[in-house]
Amino acid sequence: MKIYFCGTDFKAEPWLAALRAALPQAEIEVWRPGAPAGDYAVVWAPPQAFLDEQPQLKALFNLGAGVDALTQLTRPATTKLVRLDDAGMSVQMAEYVVHALIRHFREFDAYAADVAQGRWSYRKPHRREDFPVGIMGLGVLGQRVARAVQAFEFPLRGWSRSPKQVHGVRCYAGTEQLSEFLAESKVLVCLLPLTAQTQGILNRVTLAQLQAGGYLINVARGAHLVEEDLIALLDSGQLAGATLDVFRQEPLPAGHPFWRHPKITLTPHTAARTLRDESVAQIATKIARLERGEPIAGIVDPTKGY
Ligand SMILES: NC(=O)c1ccc[n+]([C@@H]2O[C@H](COP(=O)([O-])OP(=O)(O)OC[C@H]3O[C@@H](n4cnc5c(N)ncnc54)[C@H](OP(=O)(O)O)[C@@H]3O)[C@@H](O)[C@H]2O)c1
């Protein structure tokens with residue numbers, strides 16, 4: 001069996017070593033143009049030329065949960081596209097979102113500023129009931145985040161494409177229930193995949209429907225957000241702030257207004273990192289199952305795009 005590694009942004013050597021250890025029977029190489037036909041590939045944002053040259057691949061294993069970089073490419077219908085299914089990402093995402101939520105809710109930035117000035121000050125505590133958290137996307141990551149937020153007893157709402165029942169979450173589904181979901185949320189967490197339907201979904205119209213003093217946590221993809229709309233809503237006072245991990249252009253360009261905006265906290269696309277050991281173990285198990293003709297989880301539905 002021949003497996004190619006084609007992972008822009010990932011250092012190849014440690015991945016090759018881990019994949020070879022997990023799949024000792026396979027021949028595993030970095031793909032180069034003109035390489036012979038392979039059986040599987042482990043990829044992150046590969047060039048179109050790779051897919052054009054390797055139309056016989058049985059499956060592409062994406063080194064992330066979001067497959068938007070791949071769905072934009074042309075790929076034969078016979079090549080399955082497989083996303084990482086948690087693989088250690090969901091607990092990181094839960095940490096990140098809970099941290100951002102509590103930092104805002106408990107006003108820890110304001111306390112830090114006071115302490116830096118040598119000021120011993122108190123603020124009136126907010127009421128948890130006044131901070132309903134709305135999670136857009138109730139998939140692998142969204143449901144894990146919901147479980148973590150629940151531990152701190154915030155009211156929880158969730159929005160997905162198909163109707164769902166999630167313990168402790170008031171669930172909404174589809175575009176017809178989006179406005180109701182937003183009006184029932186103050187802190188909005190975006191954990192949607194990036195598709196034609198969700199591109200630009202965080203905009204002036206949707207964000208303005210959050211409860212007064214709304215707060216945005218975008219940990220999905222930069223293209224979900226209309227960046228100038230967020231700035232306008234923050235500057236007008238309609239929104240209280242935002243924590244952003246993802247951006248339309250990454251790295252965020254020098255001089256971008258987000259860098260210095262007083263109401264924005266940002267991180268460099270690090271909310272939930274791809275963990276090598278967990279990812280390789282998952283990919284090796286899935287390849288073994290596919291070779292035995294067994295079903296696997298995490299195959300992207302080409303009609304939905306996630
Ligand atoms: N910042 C980071 O470090 C980082 C790391 C990993 C992933 N991510 C992002 O997180 C995203 C979510 O990952 P995941 O593993 O949780 O994905 P997932 O399991 O595929 O879940 C996606 C959820 O979004 C819902 N959804 C999709 N399209 C929708 C639409 N048009 N309207 C309403 N709901 C819609 C789905 O609804 P149904 O349940 O009805 O299908 C599902 O609940 C990834 O796509 C990626 O972009 C970011």
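Counting convention: from 1, in listed order, for ligands and their atoms alike. Keep in mind the model is a prediction, meaning the values are calculated, not measured.
For Asp68, no nitrogen or oxygen atom sits less than 3.5 Å from a nitrogen or oxygen atom of ligand 1, counting backbone and side chain alike. The shortest N/O to N/O separation between Leu191 and ligand 1 does not fall below 3.5 Å. For the pair Lys164 and ligand 1, the shortest N or O to N or O distance falls below 3.5 Å. Checking only distances, Gly137 never comes within under 3.5 Å of ligand 1, N or O to N or O. Note: no N/O pair closer than 3.5 Å links Ala65 and ligand 1 by distance alone. Among the atoms of Ser162, some N or O lies under 3.5 angstrom from an N or O of ligand 1. On a distance-only criterion, Leu194 and ligand 1 share no N/O pair closer than 3.5 Å. At least one N or O atom of Tyr306 sits closer than 3.5 Å to an N or O atom of ligand 1.
Residue Ile299 is not grouped with residue Leu73 when hydrophobic side chains (ILVMFWY) are merged at heavy-atom distances under 4.5 angstrom, including chains of intermediate members.
With a 4.5 Å cut-off on side-chain heavy atoms, Trp31 and Phe5 do not count as touching. Residues Val82 and Leu60 are not in side-chain contact: their nearest non-hydrogen atoms beyond the backbone lie 4.5 Å or more apart. Leu233 places none of its side-chain heavy atoms less than 4.5 Å from the side chain of Leu216.
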- [ ] Show your reasoning for whether salt bridge (charged side-chain N to carboxylate O under 4.0 Å, His left out) applies to Arg170 and Glu180.
- [x] CA-CA 11 Å; Arg170 194 183 293 170; Glu180 205 184 330; over 6 Å; no
Task: ring-ring contact (aromatic ring centres under 6.0 Å, His included) evaluation trace for Tyr172 with Trp159 - done: CA-CA 5 Å; Tyr172 301 84; Trp159 184 67; 9.5 Å; no
Open item on the list: Let's go through Asp130 and Lys186 carefully: what are the C-alpha distance in whole Å and the side-chain angles of both, what is the deciding distance for salt bridge (charged side-chain N to carboxylate O under 4.0 Å, His left out) to 0.1 Å, and is it a yes or a no?
Closed with: CA-CA 8 Å; Asp130 296 337; Lys186 181 180 261 183; 5.9 Å; no
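Within 6.0 Å of the CZ atom in Arg273, the count of heavy atoms belonging to other residues, nucleotides or ligands does not exceed 12. Annotation: Arg260, atom CZ; neighbour count of heavy atoms from other residues, nucleotides and ligands within 6.0 Å does not exceed 12. For CD of Glu176, the number of neighbouring non-hydrogen atoms (other residues, nucleotides, ligands) closer than 6.0 Å is greater than 12. Annotation for Lys80: atom NZ does not count as buried by contact number, only 12 or fewer foreign heavy atoms lying within 6.0 Å.
Only side-chain heavy atoms of Val246 come within less than 4.0 Å of ligand 1; its backbone N, CA, C and O stay farther off. For Val67, no heavy-atom contact with ligand 1 is shorter than 4.0 Å. Contact annotation: for Arg273 versus ligand 1, there are no heavy atoms closer than 4.0 Å. Only the side chain of Asp245 comes within 4.0 Å of ligand 1, counting heavy atoms alone; its backbone N, CA, C and O stay farther away. At a heavy-atom distance under 4.0 Å, only side-chain atoms of Arg221, from C-beta outward, approach ligand 1. The side chain of His269, and not its backbone, has at least one atom closer than 4.0 Å to an atom of ligand 1 (non-hydrogen atoms only; side chain from C-beta on).
How far CG of Leu188 is from CD1 of Ile135: 9.5 Å, rounded to the nearest 0.5 Å.
Residue Met89 approaches ligand 1 through these ligand atoms, each under 4.0 Å from one of its heavy atoms: 6 (C). For ligand 1 and Gln197, the ligand atoms under 4.0 Å from any heavy atom of the residue are 31 (N). Distances below 4.0 Å separate heavy atoms of Ala220 from the following atoms of ligand 1: 9 (C), 47 (O), 48 (C). Atoms of ligand 1 lying under 4.0 Å from at least one heavy atom of Val219, given by number and element, are 1 (N), 2 (C), 4 (C), 8 (N), 48 (C). Those atoms of ligand 1 that come under 4.0 Å of a heavy atom in Ala272, given as number and element, are 2 (C), 3 (O), 5 (C). Close contacts of ligand 1 with Trp159, meaning ligand atoms under 4.0 Å from a residue heavy atom, involve 32 (N), 33 (C). Shown in contact with Leu138 at under 4.0 Å from a heavy atom are these atoms of ligand 1, numbered in order with element: 23 (C), 42 (C), 43 (O).
Side chains of Glu227 and His256: a donor on one and an acceptor on the other come within 3.5 Å. Thr270 and Tyr96 form no side-chain donor-acceptor contact under 3.5 Å, judged by distance and modelled atom types alone.
Distance from atom 22 (C) of ligand 1 to its nearest protein heavy atom, with residue and atom name: Pro193 CD, 3.6 Å. The protein non-hydrogen atom at the shortest distance from atom 37 (O) of ligand 1 is Arg161 N, 3.2 Å. The shortest contact between atom 11 (C) of ligand 1 and any protein heavy atom is with Leu192 O, 3.6 Å. The nearest heavy-atom contact from the protein to atom 21 (O) of ligand 1 is Gly139 CA, 3.2 Å.
The shortest separation from a heavy atom of Arg83 to ligand 1 is under 4.0 Å, placing the residue in contact. By the 4.0 Å heavy-atom criterion, Met93 is counted among the residues contacting ligand 1.
The aromatic rings of His126 and Phe105 are tilted relative to each other, their planes meeting at an angle between 30° and 60°.
Geometrically, Arg128 engages Phe154 in a cation-pi contact, judged by NZ or CZ lying under 6.0 Å from the ring centre and within 45° of the ring axis.
Of the listed residues (Val140, Leu84, Leu141), the one carrying the non-hydrogen atom nearest atom 7 (C) of ligand 1 is Leu141.
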